Amino acid sequence: MTFFDTHALEFLVFLPVVAAVVILLVPAERPSVVLRIAWAAGALMLVGSLYVFVRYDYTQGGFQLVHQYRWLDQLGISLKLAVDGISTPMVLLTGVVIFAGTLVSWNIGQSHEGTGEHGGVPTTRQRNKDFFILLFLLVSGVFGTFVSVDLFFLFFFYELAVIPMYLLIGVWGSSSTFPTFSRTKEYSAMKLVLYLVGGSILAWVAILAIYVVSQAGTFDIEVLSEVSFDPGFQRTFFPFLLVGFGVLAGLWPFHTWSPDGHVAAPTAVSMLHAGVLMKLGAFGIIRVGMTLLPEGATTWMPVLFGVATVNVLYGAISAMHQQDLKYVVGYSSVSHMGYVLMGLATMEPIGVAGAVLQMFSHGVMTALFFALVGVVYDRAHLRDIGVLEGLAKRMGWTATFFVIVGLTSLGLPGLSGFVAELLVFIGAFRTQPVLAILGIVGAAVTAVYILRLLAKVFFGPVSPRWEGLPDAKPLEAFAASILTASIVFVGLYPLPFIRMINTGVKALLDRVSGA
C-alpha cells in the first residue's frame, strides 16, 4: 500500500477536526474566509472519500486500508480503522453530502430579519464560524463511525456525530409555525437529543455486555466476531442493539424525533441528518448486531420485518397529509428507511445488498430534497404547500432538480431509487411475501404524494405573489448537480456499487448462516 492508502481513513476522520481548528483561529469578523475554508475542507473530504471508494478491491473483499493505533492495552482499546464492502459506499455518501452541504451554506453568516409565514422563523443572528466548527465535528464523528473496527471508538464517534445536532438545530434552525400546528426549534432539538441519547444508552449496555461476556479482553470487532456467544445471551441483547441503533434509523415507534428534527434544522444539517446520520443507525445494526450476535439477529429479524413494514406505510401516509414541505420530506425519510430495515430483515443476500444500496440512494436523494426545500424557503420564507404554487415558471432549475429527486423517491427506472428498492423487494418476496406486498403499497402511496406535491407547488397556476422569486444560485445549482449526478449514475450503472456491497454482505451472511 502507498503512504496515502495507509493513512487515507485517518485523513477523512481528522480532516474535519483540523478544519474546525483552523476556522476557530479565524476572526469572527471574517465570515467570507470561514466560508472559503469550509468549501475547501468539503472538497477535500469529497476527494478523499472518492479515493477510498476507488481503492477498495472488491475482488479481495474483507477489511482493507487497515491502520491501527494502540490506546489502552489493558482494556484492549485501540483506534483501528478499516473499510469493507458495506462501509465504503457510506464513506462516499458522507463525502458527497458534506461537500454539497457546505456549498448550500453560503448564506450562513448573513443576517435575516423578519418572520416566516407558515413554515418557520428565520434566525436573526447567524454565526458561520461556530456553525462550521460544530458541523465538521459532526462529520468527523460520521466518518469515524463508518470506518472504526473497534467497538469503543465506533461508539465514541457515533456519539460525536449526534451531540452537535442540539446546538446546530437550537441556534441555527427554524421553528415551524402553522396556525394549527407549531414546533419551536428548541423543542425539536431537545426531543432529538433525548431520543438519540436514550437509544445510545441501550446500545452501550449491549456493547459492554459483549465485551465482558466474550472474555476476549478487546473491543476489536474482528476478534469479537470469532467468539461464539451463548444463544440465550444473543437473543437477550440483540434487541438492545436493534432498538438502540434503530432509534437513529427512524425505527417505528421511536421515529417521532426525526421529522421534527428535519424540519427545525438548517439546510446543510437537514441534508446530513437525513442523508447520513440516519444511516449510522442501520449501519450499527449491521456492524455490531448482525456481525457479533448472528443467532440473536435470526431470532428477532421477523419482528424487525413487521416493524419496518409499518415504517414504510406509516411514513408514506403521514407524508401525504403534511402541509409543511419539510415535513413531507421528513416523513418520506421515515418511510424510505423502512425499506432499508426491511432489506436487512430478509437475511437474504439480495435483500441485504438492496438495503445497503438503499442507504446510499436514500442518503443522496434526501440530501437533494432538503437542499431544494432550503432554496425555496430561503426565497419565499415559507414552506406551506397550500400557499406555494406554480414555482416552475420562476424557479426553473429548482423545479427541474425537484422533479428528478421526486421521481427517484417514487422509484422511476433509471434512477437509484428503483435499483435499490427492486433488490429489497426481491429479497422480501423470497422471505415474507405478504409484507412485501404491503411494502409495494407504500411505494404506491409515495407516488401519490410526490406527484401531487409536484403538481401543486411547481406546476400549478402562477400566483402573482411569486412573480419576482429568484431561482437557485450557481453554488446551489452546482451542489444539486453533484447529488443528481450520483442518483443518475447509480440508477444507470449500479454494478460497481453492487459488486462492492456484495463482498461485505456475503461475509456477513456467511457468519449468520454459520451460527
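Given the structure is predicted, the values throughout are model-derived calculations rather than measurements. Residue indices begin at 1 and follow the sequence shown. The figures here come from the full heavy-atom set of this structure, side chains too, leaving out hydrogens, waters and symmetry mates.
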Item checked: Side-chain (D150) to main-chain (L79) donor-acceptor, under 3.5 angstrom -> no
Margin query: Whether the side chain of K129 engages the backbone of V34 through a donor-acceptor N/O pair (distance < 3.5 Å, no angle test) should be reported.
Written below: no
Notebook entry, point to check: Do side-chain atoms of K456 reach the backbone of I385 as a donor and acceptor pair under 3.5 angstrom?
Noted result: yes
Item checked: side chain to side chain donor-acceptor pair (under 3.5 Å) evaluation trace for E476 with W397 -> CA-CA 10 Å; E476 294 166 331; W397 282 111; over 6 Å; no
Notebook entry, point to check: Is any side-chain heavy atom of V445 less than 4.5 Å from a side-chain heavy atom of M320?
Noted result: yes
Next item on the list: Compare all side-chain heavy atoms of L44 with those of F11 and state whether any distance is below 4.5 angstrom.
Entry: yes
Notebook entry, point to check: Would you say F402 and L453 make side-chain contact, with heavy atoms under 4.5 Å?
Noted result: yes
Check: Below 4.0 angstrom, N of the basic side chain to O of the carboxylate: do R383 and D324 qualify?
Finding: yes
Margin query: Does K473, at its NZ atom, have more than 12 non-hydrogen atoms belonging to other residues, nucleotides or ligands within less than 6.0 Å?
Written below: no
Check: side chain to side chain donor-acceptor pair (under 3.5 Å) between S258 and Y195: does it pass, once the steps are laid out?
Finding: CA-CA 9 Å; S258 180; Y195 266 83; over 6 Å; no
Notebook entry, point to check: What's the spacing between D130 CG and L167 CG if we round to 0.5 Å?
Noted result: 9.5 Å
Next item on the list: Specify whether F157 and F153 have parallel, tilted or perpendicular ring planes, treating 30° as the upper limit for parallel and 60° as the lower limit for perpendicular.
Entry: tilted
Next item on the list: Give, for atom CG of L368 and atom OG of S481, the distance between the pair rounded to the nearest 0.5 Å.
Entry: 9.0 Å
Checklist line | Main-chain N/O of S409 paired to H336 side chain as donor or acceptor, under 3.5 Å | finding: yes
Next item on the list: Before giving the answer on ring pair (Phe, Tyr, Trp, His ring centres under 6.0 Å), spell out for H255 and Y314 the whole-Å C-alpha distance, their side-chain angles and the decisive distance to 0.1 Å.
Entry: CA-CA 11 Å; H255 67 284; Y314 173 86; 4.8 Å; yes
Notebook entry, point to check: Does F418 reach the side chain of L412, with side-chain heavy atoms less than 4.5 Å apart?
Noted result: no
Margin query: Less than 4.5 Å apart, side chain to side chain, heavy atoms only: is that true for S49 and T94?
Written below: no
Note to self: I need the F369 CZ to T408 OG1 distance, nearest 0.5 Å.
What the structure shows: 8.0 Å
Notebook entry, point to check: Quick one: OG1 on T256 to OH on Y331, what's the gap to the nearest 0.5 Å?
Noted result: 7.5 Å
Margin query: With side-chain contact (heavy atoms from CB on, under 4.5 Å) as the test, pick out the partner of T88 among F497, Y58, F53.
Written below: F53
Check: Does any N or O in the side chain of S87 come within less than 3.5 Å of the main-chain N or O of V147, such that one atom is a donor and the other an acceptor?
Finding: no
Next item on the list: Check each of V17, V18, T102 against F136 using the side-chain contact (heavy atoms from CB on, under 4.5 Å) test, and report the only one that passes.
Entry: T102
Note to self: Please evaluate residues M45 and V139 with respect to the criterion side chain to side chain contact (heavy atoms under 4.5 Å, CB included), reporting the C-alpha separation (whole Å), side-chain torsions for both, the decisive distance (0.1 Å), and the verdict.
What the structure shows: CA-CA 10 Å; M45 285 181 241; V139 173; 3.7 Å; yes
Notebook entry, point to check: So, does H273 use its side chain to make a donor-acceptor pair with the main chain of V269 at under 3.5 Å?
Noted result: no
Checklist line | Separation between CG of L15 and CD of E10, rounded to the nearest 0.5 Å | finding: 12.5 Å
Checklist line | Neighbour count >12 (heavy atoms, 6.0 Å) for atom CH2, W252 | finding: no
Notebook entry, point to check: Does D260 reach the main-chain N or O of S188 with its side chain, forming a donor-acceptor pair under 3.5 Å?
Noted result: no
Next item on the list: Would you indicate whether the side-chain heavy atoms of F132 and S105 approach each other to under 4.5 Å?
Entry: yes
Next item on the list: Kindly indicate whether the side chain of F143, heavy atoms from C-beta on, has any atom under 4.5 Å from the side chain of L81.
Entry: no
Margin query: Quick check for you: to the nearest 0.5 Å, what is the distance between M500 atom CE and F360 atom CZ?
Written below: 10.0 Å
Notebook entry, point to check: Looking only at atom types and distance, does a side-chain atom of Q64 sit under 3.5 Å from a main-chain N or O of D57, one as donor and one as acceptor?
Noted result: yes
Note to self: Measuring only between side-chain heavy atoms, which start at C-beta, is L65 closer than 4.5 Å to Y56?
What the structure shows: no
Check: Checking side chain to side chain contact (heavy atoms under 4.5 Å, CB included) for the pair N311/Y339: CA distance, chi angles, key distance, verdict?
Finding: CA-CA 8 Å; N311 259 74; Y339 292 122; over 6 Å; no
